[in-house]
K.L.:
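Questions regarding the structure given below will be posed in turn.
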Amino acid sequence: FEMLIEAGANIHVKDSMGHTALVYAIQNKQLEVTRWLIEMRSGLNLQSKASLSLVGLIQAHFPRKQAVELVSLSSKKQQAVTSQSTPSRK
């Protein structure tokens, strides 16, 4: 995966339906790819034309144990993104 990034691939690109690589990784039950894309914060703000939710997709395509892990990871990454974009108050 890292080779793709080094070669200039954009993992944040959306197709005509608003789907990112993360959506396709989840739909194809690619656990390691899904985990890696979440770590890279790709597609965490899922807004597709089909009104898909990240949590719903994960729950629909992965067994419970893996789904819990992925949802927890995505939640942590989303919180990190939110805290970085929110100005601190002094």
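All values reported here derive from a predicted model rather than from experimental measurement.
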K.L.:
Rounded to the nearest 0.5 Å, how far does CD1 of I58 lie from CZ of R64?
P.N.:
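If I round to the nearest 0.5 Å, the distance is 13.5 Å.
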
K.L.:
Roughly how far, to the nearest 0.5 Å, is the CE atom of M40 from the NZ atom of K77?
P.N.:
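One finds 7.0 Å between NZ of K77 and CE of M40.
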
K.L.:
If you define the side chain from C-beta out and look only at heavy atoms, does anything of I26 sit under 4.5 Å from V23?
P.N.:
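Not touching, per the 4.5 Å side-chain cut-off.
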
K.L.:
Under 3.5 Å, is there a donor-acceptor pair between the side chain of S74 and the main chain of V71?
P.N.:
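Such a contact is found between S74 side chain and V71 backbone.
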
K.L.:
Donor-acceptor pair, H61 side chain versus L57 backbone, under 3.5 Å?
P.N.:
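Yes; judged by distance alone, with no hydrogens or angles, the pair exists.
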
K.L.:
In terms of hydrophobic clustering (I, L, V, M, F, W, Y; side-chain heavy atoms under 4.5 Å; direct or indirect links), are V55 and L73 co-clustered?
P.N.:
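They do share one cluster, since a chain of ILVMFWY contacts under 4.5 Å joins V55 to L73.
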
K.L.:
Distance from K14 atom NZ to L22 atom CG, nearest 0.5 Å?
P.N.:
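Answer for the NZ-CG pair, K14 versus L22, is 11.5 Å.
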
K.L.:
Could you check if a side-chain atom of L70 sits within less than 4.5 angstrom of a side-chain atom of R35, using non-hydrogen atoms only?
P.N.:
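They are in side-chain contact.
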
K.L.:
Between N28 and Q30 (side chain of the first, backbone of the second, donor and acceptor by atom type, cut-off under 3.5 Å), is there such a pair?
P.N.:
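Checked: no pair found.
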
K.L.:
Do you reckon W36 sits in the same ILVMFWY cluster as V13, going by side-chain contacts under 4.5 Å, direct or chained?
P.N.:
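Cluster IDs for W36 and V13 differ.
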
K.L.:
Which atoms form the tightest heavy-atom contact between A25 and V33, and what is the distance?
P.N.:
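Heavy-atom minimum between the residues: CB-CG1, 3.7 Å.
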
